[in-house]
Amino acid sequence: MIHSRMLSVIIMCLCLCAAASSQVTLTHNGAPRTRIICSDGRDAQAAYLLASFIEEISGAKVPVVTADSPKLRKGDVVIARVDDPAITEDGFRITTPQGRLLIESTKGRGSLYAVTEILERWLGCNYWGDHEYTAPANPTIQFPAINLLSNPAFRYRQSQNYAMASDTLYRHWMRLEEPREEFIDGMFVHTFDRLLPSAVYGKEHPEYYAYFDGARHPGKASQWCLTNPEVFEIVAARLDSIFKANPGLDMISVSQNDGNYTNCTCPECARIDSIEGAPSGSLIHFLNRLADRFPDKQFSTLAYLYTMHPPKHVKPRPNVNIMLCDIDCYREVPLQYNDSGRDFLKALDGWSAITDNIYIWDYGINFDGTSTPFPNFHIIQPNIQTFKRAGATMHFSQIAGFRGGDMSELRTWLVSRLMWNPDADVDSLITTFTDGYYGAAGPYIKRYLRLQEGALLGSRIPLWIYDSPVTHKDGMFSPDLMRMYNELFDQAEAAVAADTTLLDRVRRSRLPLQYVELELARTNPDKDIADITAKLDSFEQRSIRYGLTTLNERNNSPVDYCHLYKERYLPRATANKAAGATVTFSRPVPAPYDRIASTALTDGLYGGATYKDAWIGWEGTDVDITLDLGKPTEFTTITADFLQQLGAWILQPLSVTFYASTDGDTFTELSTVTLEEDTAPKVKFEAVSHTSPTPIEARYIRLSIEATKYCPHWHYGVGNVCWVFLDEITVE
């Protein structure tokens, strides 16, 4: 290893000669003309990465030198750590003094990122996905005179992609970080229950947890009573033990559990929040006390849902990091151009006025349909520019990035570059990616993206992070547009038909469009069974081939979806004797579900995994539903179909009681079906049935639904009212 004093002399000499920059030759006709001199053990990864790509590109084996005090030669590559305030964390400078290539960095992974910059900018390499990269062959590697200083716009940059778990180089090439590198003990977000477990304290100390609606609500997803002095001391002691067990990192998240409307409203918490004008008031007072107790640590906390807006008076301590989330914003236009975005920007302006320690959590994902096209590429840059102008220093772009998800590779590639340089040319970046990743199919893929983006904007239908393709069936997924999308993908496939690697990339990227076709078809009463069956088989086979394993954040698999589709959405062999029956309700159906209430339960169309189509529901109440079959009818089985979607606070009922009547006045109870509590996160459809051993003749059928009404202690809406949703009732 080079001694630091000797290194300083070497670097000073090189920098004094920087004006004499000249061409640098690393290889010539496949033979090495350089050494890579690594000045610090932290830069060894960068040195060996450069050496490996030089060998792959040129065939030349370049030595990596770590000996003390080497005598520099022309053509050497020198990687050095320097004390230079112009280079920020993860930043780097690349110069070519005296015919040598000099890479300088301060702290972080600057040297590694400098190498990827060299490989991309001057050697034509690029990294696209999981072990998917381009490295053009060139036996002679030369560099022109270079003088480049590059610093990231955000000191911490986080996103998502399936490749990050399987390909370490991918993450480094994208210049992305992970919470485990920044946050102590994996304490990244929603940490209240880890720090004060309700399973330990909830039963004997309900006063530690949020009070609202006249009661305390201890539970796995409960918030704290932030003014309870015992809560503070228990949490402080827990943090102290965590800090002592985890030397080396100094940031930890002390942040509310997931869920909204669950904050404490006891007299003291309510008093503070009233003075501060927002529920964030009591939270920041609590965090400031922790920050004072541990002044050498960084405490990150969420400004999320009910805490999004800042307090009026109290300011976060310098070592309190505000993780501000724009989860409630629509995504069809940049934040400043719709009401939801403007509300978030108001919050951002408020926080930036009282702190410069802001972490932005932005969403470019459809949680209910990670394989549904989500055309938000046109808003990514203006939003990131807004975050940078507001002074944010940390940024998480949550885009899911599942294999086979909507443009997963392009999304991560694009946001990673914009988090480094928000002013980069987006159109040029997208062209670089589509041409580089898809080859001759690239222009068709780019036209598909642009067409879909224009269709979204032209439809004036909001883009939501809990969206359904059916929402856009008259907009960006209209029949004419779907035909055009498929024509572009047909052309893309034809353009690379002879290259199996490129063809697989195109077909994997087509999976979301295939999913949309199936979702739209299930809502069409006039189905082409053979066509749908073929599309289901194709979607299932390609999902398996290309590794698509989930359709939403609840991990419903595409294989299960295809099997369920054939059972649930294709016409049934047995006719529904309740088809078209008149339906009445003991309680009014709330808007907007009242628009379809008269037909939704007997039209033969089953709802999907989101509640936005075919479903009707009620919040926090039981309901009776009566069907008039029009005449006395013989049957044995009655089945009602319910939705459980925990993320939307939709829970299956506690019980359903079935009745029958011949005159509509006197009803005979047939049975009561009680449902067991189900905490599994997957979206599910629960068929609740009564079957009689002998045929029943009746004109009227009644279902008495006992709803769950309130989110249970394990749910992140703990204590709040929940919904019951159903779509189809069949009589057979």
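Remember, it's a predicted structure, so these values are computed and weren't measured experimentally.
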Should [X] and [Y] count as an ion pair when the cut-off is N to O under 4.0 Å?
{"X": "Lys612", "Y": "Asp368", "result": "no"}
{"X": "Lys535", "Y": "Glu517", "result": "yes"}
{"X": "Arg568", "Y": "Asp641", "result": "yes"}
{"X": "Arg508", "Y": "Glu409", "result": "yes"}
{"X": "Lys220", "Y": "Asp258", "result": "no"}
{"X": "Arg545", "Y": "Asp504", "result": "yes"}

For a quick test of reading the model, state the closest non-hydrogen atom pair linking [X] to [Y] and the distance between them.
{"X": "Leu518", "Y": "Tyr565", "answer": "O-OH, 2.7 Å"}
{"X": "Ser280", "Y": "His309", "answer": "OG-O, 2.7 Å"}
{"X": "Ile461", "Y": "Leu456", "answer": "O-CD1, 3.5 Å"}
{"X": "Phe685", "Y": "Gly607", "answer": "CE2-O, 3.8 Å"}
{"X": "Leu703", "Y": "Ala640", "answer": "CD2-CB, 3.4 Å"}
{"X": "Leu302", "Y": "Gln256", "answer": "O-OE1, 3.6 Å"}

Salt bridge (charged side-chain N to carboxylate O under 4.0 Å, His left out) partners for [X], two or more places apart:
{"X": "Arg542", "value": "Glu493"}
{"X": "Asp339", "value": "Arg342"}
{"X": "Glu686", "value": "Lys684"}

Derivation of the salt bridge (Lys or Arg N to Asp or Glu O under 4.0 Å) call for Asp628 and Arg702: CA-CA 9 Å; Asp628 180 355; Arg702 178 170 293 167; over 6 Å; no
Which word best sums up how the rings of [X] and [Y] line up, parallel for under 30°, tilted for 30 to 60°, or perpendicular for over 60°?
{"X": "Phe192", "Y": "Trp224", "value": "parallel"}
{"X": "Tyr485", "Y": "Tyr448", "value": "perpendicular"}
{"X": "Tyr466", "Y": "Trp464", "value": "perpendicular"}

Does some side-chain heavy atom of [Y] sit less than 4.5 Å from a side-chain heavy atom of [X]?
{"X": "Thr674", "Y": "Leu654", "result": "no"}
{"X": "Leu226", "Y": "Cys264", "result": "no"}
{"X": "Leu646", "Y": "His715", "result": "yes"}
{"X": "Arg587", "Y": "Trp618", "result": "yes"}
{"X": "Glu540", "Y": "Ile544", "result": "yes"}
{"X": "Leu195", "Y": "Val254", "result": "yes"}
{"X": "Tyr561", "Y": "Val559", "result": "no"}
{"X": "Ser340", "Y": "Asp343", "result": "no"}

Ring centroid separation for [X] and [Y], is it under 6.0 angstrom?
{"X": "Tyr700", "Y": "Tyr659", "answer": "no"}
{"X": "His217", "Y": "Tyr211", "answer": "no"}
{"X": "Trp361", "Y": "Tyr304", "answer": "no"}
{"X": "Phe725", "Y": "Tyr593", "answer": "yes"}

For [X] and [Y], test the side chains for any donor-to-acceptor distance below 3.5 angstrom and give the result as yes or no.
{"X": "Ser282", "Y": "Asp273", "answer": "yes"}
{"X": "Gln223", "Y": "Thr262", "answer": "yes"}
{"X": "Thr370", "Y": "Glu553", "answer": "no"}
{"X": "Ser159", "Y": "Thr412", "answer": "no"}
{"X": "Arg699", "Y": "Ser661", "answer": "no"}
{"X": "Asn228", "Y": "His205", "answer": "no"}
{"X": "Ser704", "Y": "Thr657", "answer": "no"}
{"X": "Thr639", "Y": "Ser689", "answer": "yes"}

Residue pair Ser371, Leu511: steps toward the side chain to side chain contact (heavy atoms under 4.5 Å, CB included) verdict: CA-CA 7 Å; Ser371 285; Leu511 285 169; 6.0 Å; no
Ser255 vs Thr191, side chain to side chain contact (heavy atoms under 4.5 Å, CB included): CA-CA, chis, key distance, verdict: CA-CA 5 Å; Ser255 54; Thr191 60; 3.7 Å; yes
Evaluation steps, salt bridge (Lys or Arg N to Asp or Glu O under 4.0 Å), between Arg411 and Asp406: CA-CA 8 Å; Arg411 286 187 189 283; Asp406 181 48; 2.6 Å; yes
Distance check, rounded to the nearest 0.5 Å: [X] atom [atom1] versus [Y] atom [atom2]?
{"X": "Asn720", "Y": "Tyr261", "atom1": "CG", "atom2": "OH", "answer": "9.0 Å"}
{"X": "Asn376", "Y": "Met407", "atom1": "CG", "atom2": "CE", "answer": "12.0 Å"}
{"X": "Ser198", "Y": "Trp714", "atom1": "OG", "atom2": "CH2", "answer": "13.5 Å"}

Okay, side chain of [X], backbone of [Y]: is any donor-acceptor separation there less than 3.5 Å?
{"X": "Asp613", "Y": "Thr523", "answer": "no"}
{"X": "Ser557", "Y": "Thr550", "answer": "no"}
{"X": "Lys203", "Y": "Val200", "answer": "no"}
{"X": "Asp528", "Y": "Asp531", "answer": "yes"}
{"X": "Arg595", "Y": "Pro592", "answer": "yes"}
{"X": "Thr610", "Y": "Ser468", "answer": "no"}
{"X": "Asn486", "Y": "Met482", "answer": "yes"}
{"X": "Asn552", "Y": "Asn556", "answer": "yes"}
{"X": "Asp663", "Y": "Thr666", "answer": "yes"}
{"X": "Ser655", "Y": "Val673", "answer": "no"}

Stepwise side chain to side chain contact (heavy atoms under 4.5 Å, CB included) test for Leu520 and Asn524: CA-CA 7 Å; Leu520 297 178; Asn524 188 348; over 6 Å; no
Derivation and outcome, side-chain hydrogen bond (donor to acceptor under 3.5 Å, both in side chains), residues Ser478 and Asp480: CA-CA 6 Å; Ser478 69; Asp480 286 342; 5.8 Å; no
